[in-house]
Amino acid sequence: MRATRSLLLAGAVCSGLLPAQEVKPRKIFIDADGEGMAGIFHVSTQVMPITAPRYQESRRLVTGELNAAIAGLFDGGAQIVDIADYHSGGNTVAPLDLDPRVIAGNSLRGPLMGLDPSYSAYVFLAFHSMAGAERGMIAHGYSWTEIQNIWVNGEWRGELGIRTMLAGRFGIPVIMVSGDEAVCKELRQMVPSAECAVVKWGVHRTFGYSLSHAAACDVIRKTARRAMERLPEIRPYRLPGPVEVRVEFTPEGVETWRQQHQEGVEKLDARTWVYRGKDIVDAWLKFRHAF
Amino acid sequence: MAQVPARFLSAVVAACGLCGPLAGQFTGSRRVFVIASLEGVDGVFNRTTQTVPLTSPRWQESRQLMTGNVNAVVEGLFEGGASDVVVLDAYDTGQALSALDLHPKAILLSGRPMTPTLELNSSYSAVVFAGLPARAGAESAVLAATYDFQNIHGIWVNGKPTGAIGARAMLAGSFNLPVIMMFGDQAACQELRELAPEADCAVIKWGVGRGAGKSLAHKAANELIRTTARRAMDRASQIKPYRIPGPVEVKVEFTTGARTVLFRPREGVEQANARTWIFRGRDIVEAWLKFGDF
């Protein structure tokens with residue numbers, strides 16, 4: 001079965017039906033966050049880095065889910081798996097418990113997250129939906145309190161959307177997300193064929209249903225394997241340039257936001273700024289120092 | 001209301017369409033809703049040292065005891081034929097139950113604020129009370145309280161003294177759901193039996209006073225809870241929902257110095273005296289929601 005599929009794939013590559021990325025090593029980038037795990041409901045007691053009283057429990061939850069995803073990716077044929085520990089500066093993933101097959105990095109990997117065209121696929125783990133998402137558990141974008149909305153070329157986007165565009169800029173498809181139902185919907189809207197491991201269902205932003213950790217890991221491992229096996233079918237998200245990023249700040253954000261004057265940056269109204277560039281990287285880095 | 005279970009069910013089915021051991025678990029017709037709290041858990045007596053979330057010196061021990069009791073009830077319900085078990089962490093701000101050590105097959109409902117009717121709905125077939133306390137003022141009741149330890153002296157529904165057990169049994173009844181069992185101290189069990197004489201009860205604690213009493217050992221408590229839950233599932237069809245006829249009057253007497261008396265007189269809301277408010281409605285849900293959440 002597998003041999004047949006490989007043959008078909010090889011044929012497709014040779015005949016030009018599939019892009020050249022198929023011949024890259026199967027090297028996977030996991031973007032690990034800290035809100036989308038099963039069992040995470042509370043911001044102040046579970047999510048706030050280091051200081052949350054239940055933070056050690058949160059680290060065990062994310063590391064367990066991460067190990068499940070890693071195992072599933074290797075089950076599905078991954079050759080190299082890299083982890084970016086992205087929740088608030090990289091104090092979240094527990095190195096003591098991490099699967100020894102991966103290379104883990106914290107978030108200090110430069111403006112483009114250390115992503116480069118050598119990766120074959122991008123995975124969002126324990127991710128959250130964008131600020132304002134319907135029934136999105138701990139939904140937000142980049143800041144808890146300062147950003148109300150972000151639009152890219154007129155489309156309402158959050159962290160997941162922006163990073164999906166960055167991956168797409170390098171020709172890398174997003175093959176999977178784990179998190180709540182809302183974040184799954186958010187990815188599927190951009191990448192309809194991506195896999196979702198739904199481990200949580202929000203009633204509202206900080207109240208909802210969750211699988212147990214054991215059940216969540218089971219779902220994540222199976223989903224990661226399937227995502228890996230389906231990698232050749234999943235297209236990168238391509239955003240044609242030029243790109244306009246529009247950011248609406250909250251009243252608190254307006255107070256704290258200081259913007260250097262530069263080419264392509266414009267204040268639209270009292271609380272909205274626009275950042276223009278030839279592509280998503282160019283435009284986004286005028287707004288923030290990193291993705 | 002009817003939309004909520006449908007959305008949840010279809011989401012779980014979609015997510016778990018291919019997920020092996022979980023498949024089929026969410027589509028069954030014997031869904032049980034467990035409301036969990038800490039006061040009735042074995043070995044828990046002292047409010048200061050054991051029950052303040054995250055800061056009590058013995059908090060980690062308390063949450064482990066509660067998890068053990070809750071997992072025993074979940075196990076017993078599945079043994080008795082439950083198709084799904086949803087556990088609401090209703091204690092304080094919802095910090096006691098963790099996805100890490102919860103029964104693998106349970107669904108955890110947590111976070112705050114809870115919705116006023118606790119997401120209970122008619123897609124369930126039974127309700128279980130796990131560790132709810134007896135109402136404030138009950139005799140020989142460990143950690144007795146009516147919702148709020150500091151601010152509420154007592155609540156009466158159509159003249160009858162009512163705590164969380166009574167109010168939530170009525171909420172279940174409004175969806176035509178029976179409360180099939182509970183575990184907790186003897187006073188709490190007696191309170192449920194007055195409303196639902198056929199309900200099963202695992203008595204794991206006996207109060208002497210509000211902060212003192214006797215308790216089964218943790219393992220013995222878990223064993224009793226598990227076997228009681230299994231039997232309750234077997235007998236579920238014989239247990240009647242607790243329904244009260246309307247109209248309904250909810251009278252709430254706040255304590256001296258309560259900080260929560262923030263109501264304004266309006267249709268169905270009336271101040272009876274300096275510390276007492278009355279909330280009226282055509283049924284228990286309408287009347288109670290004028291006062292607060294279940």
Side-chain angles (χ1 to χ4, degrees), chain A residues 37-47 52-65 72 134-135 137-138 177-182 184-185 188 195-223 225-226, chain B residues 4-5 7-23 25-26 33 53-56 59-60 63 67 70-71 74 84-90 92-119 121 293:
Chain A
M37 300 88 89
I40 299 287
F41 308 94
H42 306 274
V43 174
S44 61
T45 60
Q46 295 187 289
V47 171
R54 296 174 67 182
Y55 202 60
Q56 294 308 318
E57 177 193 334
S58 301
R59 296 182 68 198
R60 288 177 64 193
L61 289 168
V62 77
T63 307
E65 292 192 4
E134 202 65 44
R135 293 190 293 273
M137 294 214 73
I138 318 189
V177 64
S178 78
D180 71 353
E181 188 184 24
C184 169
K185 195 173 151 196
R188 287 251 170 90
E195 290 286 344
C196 284
V198 177
V199 300
K200 224 162 35 173
W201 296 263
V203 174
H204 62 67
R205 191 169 178 270
T206 52
F207 182 60
Y209 299 89
S210 169
L211 296 182
S212 69
H213 181 62
C217 289
D218 195 45
V219 173
I220 289 169
R221 180 169 184 160
K222 291 185 167 98
T223 307
R225 179 189 179 134
R226 201 163 55 240
Chain B
V4 177
R7 172 176 60 76
F8 176 54
L9 260 178
S10 63
V12 182
V13 172
C16 287
L18 293 164
C19 64
L22 284 166
Q25 193 183 116
F26 303 95
F33 192 85
L54 307 171
T55 57
S56 271
W59 171 253
Q60 288 307 323
R63 65 156 302 279
T67 303
V70 166
N71 286 349
V74 172
D84 322 86
V85 179
V86 172
V87 179
L88 170 64
D89 184 350
D92 200 87
T93 55
Q95 309 293 346
L97 296 180
S98 165
L100 267 184
D101 47 13
L102 186 69
H103 193 294
K105 287 165 73 182
I107 300 286
L108 177 59
L109 175 58
S110 187
R112 288 297 182 274
M114 298 191 286
T115 43
T117 51
L118 315 179
E119 293 301 296
N121 61 61
D293 298 351

Please classify the contact between [X] and chain A as side chain, backbone, both or neither, with a heavy-atom cut-off of under 4.5 Å.
| X | value |
| --- | --- |
| B:T93 | backbone |
| B:L100 | both |
| B:L88 | side chain |

Quiz item: Who wins among A:M37, A:H213, A:H42 for the most heavy-atom pairs under 4.5 Å with chain B?
Solution: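 Highest number of pairs under 4.5 Å: A:H42.
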
So, taking the atom named [atom1] in [X] and the one named [atom2] in [Y], what distance separates them when rounded to the nearest 0.5 Å?
| X | Y | atom1 | atom2 | result |
| --- | --- | --- | --- | --- |
| B:D101 | A:S212 | CG | OG | 10.5 Å |
| B:D89 | A:F41 | CG | CZ | 8.5 Å |
| A:K200 | B:L108 | NZ | CG | 10.5 Å |

Quiz item: What is the minimum heavy-atom distance between B:A99 and A:G39, and which atoms define it?
Solution: CB-CA, 3.5 Å

If you define the side chain from C-beta out and look only at heavy atoms, does anything of [X] sit under 4.5 Å from [Y]?
| X | Y | value |
| --- | --- | --- |
| B:P113 | A:H204 | yes |
| A:R54 | B:S98 | yes |
| A:F207 | B:L118 | no |

Exercise. Answer yes or no: does atom CZ of B:R112 have more than 12 heavy-atom neighbours from other residues, nucleotides or ligands under 6.0 Å?
Key: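 Yes, enclosed.
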
